[in-house]
Trainee: 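Right, I'll just put the structure down here and ask away after.
Below, chain A is the first sequence line, B the second, and so on; all start at residue 1.
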Amino acid sequence: MSIVTVQLGQCGNQIGFEVFDALLSDSHSSQGLCCKRENEAYQASCKERFFSEEENGVPIARAVLVDMEPKVINQTLSKAAQSGRWKYGQHACFCQKQGSGNNWAYGYSVHGPRHEESIMDLIRKEVEKCDSFSGFFIIMSMAGGTGSGIGAFVTQNLQDQYSNSLKMNQIIWPYGTGEVIVQNYNSILTLSHLYRSSDALLVHENDAVHKICAKLMNIKQISFSDINQVLAHQLGSVFQPTYSAESSFHYRRNPLGIDWHVRPPLSGLPSLGKMSLNKDLHFNTSIANLVILRGKDVQSADVEGFKDPALYTSWLEPVNAFNVWKTQRAFSKYEKSAVLVSNSQFLVKPLDMIVGKAWNMFASKAYIHQYTKFGIEEEDFLDSFTSLEQVVASYCNL
Amino acid sequence: MTQSVVVQVGQCGNQIGCCFWDLALREHAAVNQKGIYDEAISSFFRNVDTRVVGDGGSISKGKICSLKARAVLIDMEEGVVNEILQGPLRDVFDTKQLITDISGSGNNWAVGHRVFGSLYQDQILEKLRKSAEHCDCLQCFFIIHSMGGGTGSGLGTFLLKMLEDEFPEVYRFVTSIYPSGEDDVITSPYNSILAMKELNEHADCVLPIDNQSLFDIISKIDLMVNSGKLGTTVKPKSLVTSSSGALKTRHKKPFDAMNNIVANLLLNLTSSARFEGSLNMDLNEISMNLVPFPQLHYLVSSLTPLYTLTDVNIPPRRLDQMFSDAFSKDHQLLRADPKHSLYLACALMVRGNVQISDVRRNIERLKPSLQFVSWNQEGWKTSLCSIPPVGHSHSLLALANNTCVKPTFMELKERFMRLYKKKAHLHHYLQVEGMEESCFTEAVSSLSALIQEYNQLDATKNMPVQDLPRLSIAIILSSENISPGSLQFL
């Protein structure tokens with residue numbers, strides 16, 4: 001079951017590279033802590049999912065790289081090629097000369113339609129290479145112009161053309177301050193559009209990952225490279241093969257929406273920490289949780305804490321909302337690792353903040369002329385606000 | 001990658017332009033070790049096979065043969081342009097890119113704008129079209145000129161309208177040298193105000209700079225360098241005012257040092273578009289992020305460091321000092337007080353080995369002392385370019401859209417009114433065909449309206465920031481309404 005990755009914009013491409021690198025490194029890791037046969041099955045499954053084979057044996061990432069200006073893609077391609085262990089397909093990129101200028105409207109209304117055919121063509125070719133295609137993984141940021149605008153446009157197209165396949169978007173939530181001034185506008189436009197066409201939105205907040213680098217990893221001068229590597233590590237530990245119920249490796253196809261969840265990281269811890277139950281009732285209510293355990297002693301790990309009904313909304317039984325996948329093969333260099341993917345109220349606060357800031361800016365009409373120039377009118381903004389307020393309300397009422 | 005064309009108009013514009021090309025060559029020479037014509041160089045230079053006669057000589061890849069600046073040089077006197085053509089940069093310019101006259105504009109905006117404007121309109125258009133044709137993807141015109149004289153001010157702003165009509169999709173970034181109070185051209189207020197109207201209406205983005213600030217920066221550097229402690233010397237090529245290592249060997253003119261500062265500004269402004277980095281910033285992002293309303297497009301710039309000492313070992317404290325300096329008046333290219341005015345937006349363009357955590361730490365540190373407008377409390381735009389400027393390990397260019405430009409404009413308006421009330425020298429302007437008093441009154445109105453915009457923003461300065469009431473959603477609580485599709489956040 002193969003996944004085709006679409007990397008959009010500077011952020012998407014920079015992260016995409018780290019993800020494939022992490023996946024392949026782990027796949028080749030010698031510290032799998034399992035028998036050879038199992039390791040080989042793991043490697044084969046990982047390979048099939050994310051890479052296709054070439055004549056000389058160098059795996060080629062199942063990816064399409066899209067950016068509206070060439071610098072980042074060029075860098076990404078050469079970094080991959082330099083690693084010697086894998087690379088991107090020669091014709092897997094779509095590139096233009098002039099970027100989207102941090103303008104969602106430009107990405108969505110100008111670049112999207114203009115290059116629709118070429119981009120969808122590249123994607124189609126990649127899908128056709130898969131023996132058994134399972135879905136799309138779209139990596140994009142919300143704050144800029146290309147990842148956000150073209151990302152929304154492409155996801156919509158994928159919904160139209162591949163309605164039966166899973167479309168999962170990895171979204172990078174920008175830092176609260178200091179990336180792009182119009183990031184809140186770009187974010188609300190992206191989210192409201194993705195809501196209609198994506199099956200699942202995996203969220204990573206730059207602020208949260210930054211904190212991991214600072215507090216958990218003690219990195220002094222944190223670069224985007226550090227941040228992307230942490231992200232890739234997390235994604236890797238989610239996406240690498242796991243046992244299904246029938247105890248053979250296969251990638252699980254997910255029913256619409258509920259199964260996949262992500263919350264800021266637990267993976268990478270050397271031992272499975274017991275989730276300390278907060279006795280007072282202030283924790284995020286979940287509608288679904290997935291725990292993935294890898295490595296030593298997985299069978300004996302105690303996950304009862306995750307089944308506490310207090311964690312879940314009143315209209316769900318924990319047994320319907322909680323899943324655990326266990327795999328003996330260890331991930332990366334960690335003897336034991338755990339990942340929690342969660343669909344809960346964790347995002348209410350950040351989302352509410354972004355909507356609030358965007359709303360304040362919108363009320364003053366600042367920067368709106370930059371969007372109306374390319375066909376995104378005030379009504380489009382209002383529609384976005386409306387749908388996101390509904391999301392916030394829905395989650396609050398869990 | 002995109003290309004930009006520099007249009008240098010008038011004496012000041014051409015002198016600055018010349019410094020710019022000099023430094024640009026130096027920068028690319030330092031970065032491009034193999035002599036291959038790459039996309040970074042192509043942003044400002046064409047690669048030409050000089051053996052080919054006529055137009056067909058452009059080479060798009062491969063080894064560098066002969067670099068030609070993507071520039072159009074315009075001056076209504078021959079002196080400056082001739083000097084450039086006889087100087088060490090003569091091969092960088094194509095003779096077909098020049099437009100000159102001999103009589104000059106006599107420090108009269110009307111002569112520059114109307115007389116020479118109509119006389120040279122077709123020629124200018126032709127040269128501009130030609131330079132656009134040589135570009136694969138033209139993104140931006142950089143216009144360099146002064147506001148106080150006749151050619152730069154009048155003809156320089158005349159072509160803004162032309163560019164807007166002819167190339168509507170291409171950005172117009174204008175670097176304007178504003179006259180100081182002690183300017184020796186008596187009519188500079190007239191010229192400046194008449195030019196301002198054009199900048200208001202036809203420029204995408206203006207970087208106002210005043211001579212006094214440049215002069216102050218040079219004095220400060222001289223003081224630092226000359227009174228240096230024993231053993232502390234300035235690293236070669238690191239003086240932001242110097243052109244050492246470039247083609248021009250000596251400061252022949254007193255303005256060279258000042259012009260180099262402006263040239264460095266332009267290089268740093270475009271660095272993240274030309275070179276790679278972990279957070280790129282293209283030129284179209286400047287206007288997108290820093291211009292919240294079309295008429296408020298004046299950006300105050302400040303550049304640091306101004307020089308680097310040789311015995312340096314950059315600890316984080318020094319890096320943080322760079323950020324502090326960028327917000328100090330000593331490093332601004334315009335005399336203004338942003339800290340006591342209102343920020344509408346601010347961009348930090350960093351070059352060198354600086355990471356996102358360094359930027360964030362400094363934003364957090366500096367934020368409390370700066371006032372941002374209520375609807376843009378977190379209004380920072382960041383870019384990280386890996387390649388530092390020549391002679392430095394890192395640098396920072398801060399661009400601020402701040403109401404602190406208001407006093408500059410108000411002062412200009414006052415100087416204008418002092419002359420206009422007495423109708424001093426007005427006849428020089430009115431005798432030019434097409435010029436009437438209404439041109440003056442309209443220009444002043446345009447400026448007054450702009451000042452009023454800034455006033456309105458300033459009025460909100462010390463008001464508490466209130467969150468506006470949000471849209472309220474009615475929710476009917478039944479399980480049918482909560483469909484899986486609406487709860488997708490993972």
Trainee: Is it the backbone or the side chain of B:V373 that comes under 4.5 Å from a heavy atom of chain A, or both, or neither?
Mentor: neither
Trainee: Just by distance, do the side chain of A:E389 and the backbone of B:R470 share a donor-acceptor pair under 3.5 Å?
Mentor: no
Trainee: B:E276 versus A:N74: any side-chain heavy-atom pair under 4.5 Å?
Mentor: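 Counting from C-beta outward, B:E276 and A:N74 never come under 4.5 Å.
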Trainee: From B:L471 CG over to A:L382 CG, what is the distance, rounded to the nearest 0.5 angstrom?
Mentor: 7.0 Å
Trainee: Side chain, backbone, both or neither: which part of A:Y371 has an atom under 4.5 Å from a heavy atom of chain B?
Mentor: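 Looking at A:Y371, just its side chain touches chain B.
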Trainee: Given heavy-atom pairs under 4.5 angstrom as the criterion, report whether the side chain, backbone, both or neither of A:N186 touches chain B.
Mentor: neither
Trainee: Could you check whether any side-chain N or O of A:Q370 sits under 3.5 Å from a backbone N or O of B:S287, counting only pairs where one atom can act as donor and the other as acceptor?
Mentor: yes
Trainee: Is there a side-chain contact between B:N376 and A:Y367 in this structure, where contact means two heavy atoms from C-beta onward sitting under 4.5 Å apart?
Mentor: yes
Trainee: Test your reading of the model: is there a side-chain donor-acceptor pair from B:E378 to the backbone of A:Y175, 3.5 Å cut-off?
Mentor: no
Trainee: Could you tell me whether the side chain of B:N289 and the main chain of A:I181 form a donor-acceptor pair under 3.5 Å?
Mentor: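 Pair found, side chain donor or acceptor close to backbone of A:I181.
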Trainee: Chain B heavy atoms under 4.5 Å from A:D226: which part of the residue, side chain, backbone, both or neither?
Mentor: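 A:D226 has no heavy atom closer than 4.5 Å to chain B.
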Trainee: Please answer whether the main-chain N or O of B:S374 pairs with a side-chain N or O of A:N360 as donor and acceptor at a distance below 3.5 Å.
Mentor: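 Flag not set: sc A:N360 to bb B:S374 has no pair under 3.5 Å.
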Trainee: Should we count NZ of B:K461 as having more than 12 external heavy atoms under 6.0 Å?
Mentor: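 Yes, the 6.0 Å shell around NZ holds more than 12 heavy atoms from other groups.
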Trainee: Using a cut-off of under 4.5 Å on heavy-atom pairs, state which of A:Q98, A:K357, A:Q14, A:K365 scores highest against chain B.
Mentor: A:Q98
Trainee: Hey, could you give me the OG/CG distance between A:S223 and B:D358, rounded to the nearest 0.5 Å?
Mentor: 10.0 Å
Trainee: Of the backbone (N, CA, C, O) and the side chain (C-beta and beyond), which part of A:S387 lies under 4.5 Å from a heavy atom of chain B, both, or neither?
Mentor: neither
Trainee: Please report the interatomic distance CD(A:Q10) to CE(B:M281), rounded to the nearest 0.5 Å.
Mentor: 12.5 Å
Trainee: Starting at CD of A:E179, measure out to OG1 of B:T382 and round the result to the nearest 0.5 Å.
Mentor: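 So the gap between those two atoms works out to 7.5 Å.
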Trainee: Hey, could you give me the CZ/OG1 distance between B:R360 and A:T177, rounded to the nearest 0.5 Å?
Mentor: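 Interatomic distance, B:R360 CZ to A:T177 OG1, rounded to 0.5 Å: 5.5 Å.
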Trainee: Tell me, side chain or backbone of B:L384 under 4.5 Å from chain A's heavy atoms, or both, or neither?
Mentor: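 Side chain of B:L384 only, per the 4.5 Å heavy-atom cut-off to chain A.
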Trainee: Using a strict threshold of under 4.0 Å (side-chain N to carboxylate O), is an ion pair present between A:K71 and B:D282?
Mentor: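 Not counted as a salt bridge, because no side-chain N and carboxylate O are separated by less than 4.0 Å.
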Trainee: Would you check if there is a donor-acceptor pair between the side chains of B:Q355 and A:Q221 at a distance under 3.5 Å?
Mentor: no
Trainee: Do B:N284 and A:Y106 pass the side-chain contact (heavy atoms from CB on, under 4.5 Å) test, and can you show the C-alpha distance, the side-chain angles, and the key distance before you say yes or no?
Mentor: CA-CA 11 Å; B:N284 48 11; A:Y106 199 70; 5.6 Å; no
Trainee: Can you tell me how far the CG atom of A:N206 sits from the CD1 atom of B:I356, to the nearest 0.5 Å?
Mentor: 8.0 Å
